[in-house]
Amino acid sequence: VSRRAVLKVAINAPLPGAFDYLPPPHADVPLPGTRVRVPFGRRREIGLVLEVTDGSDLPRSKLKRVASVLDQQPILGEDELWLIGFTSDYYHHPVGEVVAAALPALLRQGRPFEATVEFIDLTAAWDADSLHALARRAPRQAEVISHLQSTGSCTKDALDLAFPNWRRVRKPLLDNGHIRIEERLAEPAPNERREAADGPTLNREQQAALEQLRANDGFCTYLLDGVTGSGKTEVYLQVMRDLDAAGKQTLILVPEIGLTPQFVERLEQRLGSRPALLHSGLTDSERLHAWRRAAEGSASVVLGTRSAVFTPLKNPGLIVVDEEHDMSFKQQEGLRYSARDLAVARAKRLQIPVVLGSATPSLDSLQHIAADSYKHLTLSQRAGGAMPPHLRLIDTNRHPGAEGLSPPLVSAIDAHIERGGQALIFLNRRGFAPTLICGACSHIADCQRCDSRLTVHLRDRTLVCHHCGGIQPLNDTCAACGAQTVPLGEGTERIEEALARRFPQHRVTRIDSDSTRLKGTMDRALSMAVSGEARILVGTQMLSKGHHFPQLTLVGVVNADQGLFSTDFRGGERLAQSLTQVAGRAGRERQQGEVLIQTAFPQHAFWGEWLNGGYHQVARFGLAEREAAGWPPYSRLALIRASGHQRDDPMRFLNRAAELAREARAADVRILGPVSAPMERRAGRYRGQLLLQSVRRGALHAVLQQLRNTLHAEPAARRVRWSMDVDPLELF
Ligand code: ADP
Ligand code: ZN
């Protein structure tokens, strides 16, 4: 191959396929998985060699040469390259962008795999007087010096965190010889082993699940279907310990908000070593460091959110997807992949088991159980003997209340706190009120750029659009007629205030994405919730999953009714999941929990199903409905979305896409639409969508492939942004 070799190189560009290059002169042909620097248009780009072949569709004389090779060894192995190729094919997405999603930023930018880190040191000691003198002339320099005096040798990242502006004085500090900056190898901390703490003795069901998991070391997809608090995590931990002892690694994927310090701490204690963590809160060098520990095999557990599914593993033994039903496993923009589905594909390729865990499994997974393609492991009881919570509806027509809180809910809060319990009030809406209306002319404050209303945030005195992020100052008078405005409806901020007024003697803590924006505030709020210092918690989805608050006995759901009338065919599944998860926070220890749900529609069929038969009853009915209607999992969907500045642009493009899809003449593919999106205008752009549906995945993908190849060249494509979403989770 070597004399005639052609390299297929992935480059981060929105063009399908890899690009052909010749190997560098006078050097070995780089292996697949190696980064190279290549001429690309007028620029130089960093690319990744995907394949070495001996031919090209282009004449050899047209091919450019690789300029330089960045890695001595491939940074991705065959299996990881396979996953990248699979992802690109399955989601019909440019392979270069898949590589970009899979690599840590520093590697994408061409930094060495053997990461070095800039360390900053003082060149001399300073006494108080000379520092004081400097402070008068150059206060910023003095601040940095005094910081370095207290920390000693400091990494650039750490200094960036402490002094975001220190770079402005970097040059004078260097020129005056006050500091020295050195690149040093960021040595992976030796994998410190501690004594691993023993967990509880597993109960019969946990033991049975564990034995089934142990029985199989080839590929198998397990659904660990266990009620909240049934000890699913204990089962994973046991398997992980077995594997660790055998030198094998486990990759655990968790939802974005599931990666709490409590969870990491528990893992660390039980494994006796530090997992490699991969999530969005890391600095670039921390991320690269964790990635290397996974790739080199020094971390026995790799724990991360969605994108961690691409992390290379030296000795993979198991993949776990915790809370597999969670929507955050699906990326909703750019490369729209499902980390859960990719985890299963990757495990199959690696011939290792994959465990999907949930108290509320997705209907897709339950259908796999029915079809016998997943193995079902059930934990039907709470571990440690806690009882399931008692569920009850409150009819808000009969018990109307002030500011969203009905009298029975308020007295239940009182009673539970009186008995030493803690209450969680759940509401999936941030802000003070979802609507600002004029008391005189009924004018509603709406977003100029979206078809939506503005949410009142009283504490910041702002009106915020939750769709485009637009912010305006809150005005107490109507923009149309000048009369007094009134906030209508409830958000978490309003409920928090109402509770604080009603229960002045108790601490009320709100946990949502507004209250936890500052670094560290989330951890502080959670630890107050765990310790019981906060007697009343108010929160969104963020509080409803995965947490264990030992003293929590009451859950109140303020308003679940939006979910009852969702137009999405997944609406019922979502509502049942979110209610079951939040209910699962109640009474996880000795005291039995109680769950009160306020609704104006107590007769709705959903309530009967959920209250009497639980999540699985809703799921059974839901699956039957979907089968009758031909929705997933009984068919496959793909959604083509387009948006443009003029209302007609997306429609013209989507009509053309529909025509091309029809011309592709795949008999088994239904073409639905195009239609405008349910919220047509968002952030100033008009949006439309075209839905493709088929019971045959192959037929659907053949059409998508054709569209992918031809749509780029359509004139109508120039006036829109468009994307393809394979297996969309949201139909708008
Ligand atoms: P899940 O992951 O299903 O929500 P966890 O594994 O977090 O459940 O367990 C819930 C609680 O029950 C934890 O505090 C855990 O330590 C405890 N627990 C789990 N298994 C047992 C057991 N076999 N005996 C006693 N306590 C257990
Ligand atoms: Zn908006």
Side-chain angles (χ1 to χ4, degrees), residues 9-20 38-45 47 57-58 62 64 87-101 331-337 447-451 467-470 637-666 669 671-692 700-726 728 730-732:
V9 177
I11 291 167
N12 189 3
L15 297 166
F19 298 86
D20 291 355
V38 294
F40 187 72
R42 259 174 288 165
R43 290 167 302 165
R44 287 257 167 122
E45 290 283 345
D57 296 339
L58 296 168
K62 287 259 158 103
K64 294 190 180 143
T87 306
S88 167
D89 291 345
Y90 187 88
Y91 293 103
H92 301 276
H93 200 85
V95 69
E97 293 188 1
V98 178
V99 170
Q331 177 145 308
Q332 306 278 20
E333 56 190 298
L335 169 59
R336 292 168 164 80
Y337 66 100
C447 179
Q448 304 296 305
R449 310 171 65 222
C450 307
D451 296 329
H467 301 283
C468 70
L637 298 179
L639 196 62
I640 300 178
R641 295 188 179 86
S643 71
H645 288 296
Q646 307 292 327
R647 180 175 263 134
D648 293 343
D649 291 340
M651 280 305 166
R652 196 171 306 123
F653 171 80
L654 291 170
N655 273 314
R656 185 66 191 127
E659 249 171 64
L660 289 169
R662 267 182 220 109
E663 281 166 22
R665 262 190 255 240
V669 179
I671 299 162
L672 303 157
V675 294
S676 43
M679 184 172 64
E680 188 178 13
R681 207 166 49 104
R682 179 174 174 155
R685 301 179 70 87
Y686 291 91
R687 307 178 308 148
Q689 58 194 36
L690 178 72
L691 187 63
L692 305 179
L700 180 61
H701 281 245
V703 174
L704 293 176
Q705 188 57 51
Q706 282 219 16
L707 290 179
R708 167 61 67 199
N709 292 338
T710 50
L711 274 176
H712 283 282
E714 286 295 321
R718 264 179 256 142
R719 301 184 56 85
V720 297
R721 282 189 209 142
W722 67 279
S723 65
M724 244 177 214
D725 191 350
V726 176
E730 283 181 313
L731 294 190
F732 54 85

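From a predicted model like this one, the values you see are computed outputs, not experimental measurements.
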L692: which of L704, L639, L672, L637 passes side chain to side chain contact (heavy atoms under 4.5 Å, CB included):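 Exactly one option meets the side chain to side chain contact (heavy atoms under 4.5 Å, CB included) with L692, and it is L704.
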Of the options M679, R681, E680, which is the one that meets R687 in a side chain to side chain contact (heavy atoms under 4.5 Å, CB included)?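 For R687, the side chain to side chain contact (heavy atoms under 4.5 Å, CB included) test succeeds with only one of M679, R681, E680, which is M679.
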[X] and [Y]: which non-hydrogen atoms are nearest, and at how many Å?
| X | Y | answer |
| --- | --- | --- |
| A658 | L690 | N-CD2, 3.7 Å |
| V95 | A10 | CG1-CB, 4.2 Å |
| A642 | P650 | O-CB, 3.6 Å |
| A683 | C450 | N-SG, 3.2 Å |
| L660 | L707 | CB-CD2, 3.7 Å |
| H93 | S88 | O-OG, 2.8 Å |

For [X], what residues pass the side-chain hydrogen bond (donor to acceptor under 3.5 Å, both in side chains) criterion, not counting sequence neighbours?
| X | answer |
| --- | --- |
| Y686 | none |
| S643 | R685 |
| R43 | E45 |

Are any of the side-chain heavy atoms of Y337 and V726 separated by less than 4.5 Å?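 They are not in contact (no side-chain heavy atoms under 4.5 Å apart), so the answer is no.
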Within-4.5 Å side-chain heavy-atom neighbours: H92 and Q705: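 H92 reaches Q705 side chain to side chain.
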Once you round to the nearest 0.5 Å, how far does [atom1] of [X] lie from [atom2] of [Y]?
| X | Y | atom1 | atom2 | answer |
| --- | --- | --- | --- | --- |
| I11 | E97 | CD1 | CD | 12.5 Å |
| Q689 | S723 | CD | OG | 10.0 Å |
| I640 | D725 | CD1 | CG | 10.5 Å |
| R336 | Y91 | CZ | OH | 12.0 Å |
| L691 | I671 | CG | CD1 | 10.5 Å |

Does the ring centre of H701 sit less than 6.0 Å away from the ring centre of Y90?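 They qualify: ring centres under 6.0 Å apart.
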Does CZ in R708 sit with more than 12 non-hydrogen atoms of other residues, nucleotides or ligands closer than 6.0 Å?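 Enclosed: over 12 neighbouring heavy atoms sit under 6.0 Å from CZ of R708.
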Set out, in order, the CA-CA distance, both residues' side-chain angles and the distance that settles side-chain contact (heavy atoms from CB on, under 4.5 Å) for R449 and R682, then state yes or no. CA-CA 6 Å; R449 310 171 65 222; R682 179 174 174 155; over 6 Å; no
Under 3.5 Å donor-acceptor, [X] side chain and [Y] backbone:
| X | Y | value |
| --- | --- | --- |
| S676 | G688 | no |
| R641 | W722 | no |
| Q646 | D648 | no |

Side-chain ion pair, R656 and E659, N-O less than 4.0 Å: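 Salt bridge flag = yes for E659 with R656.
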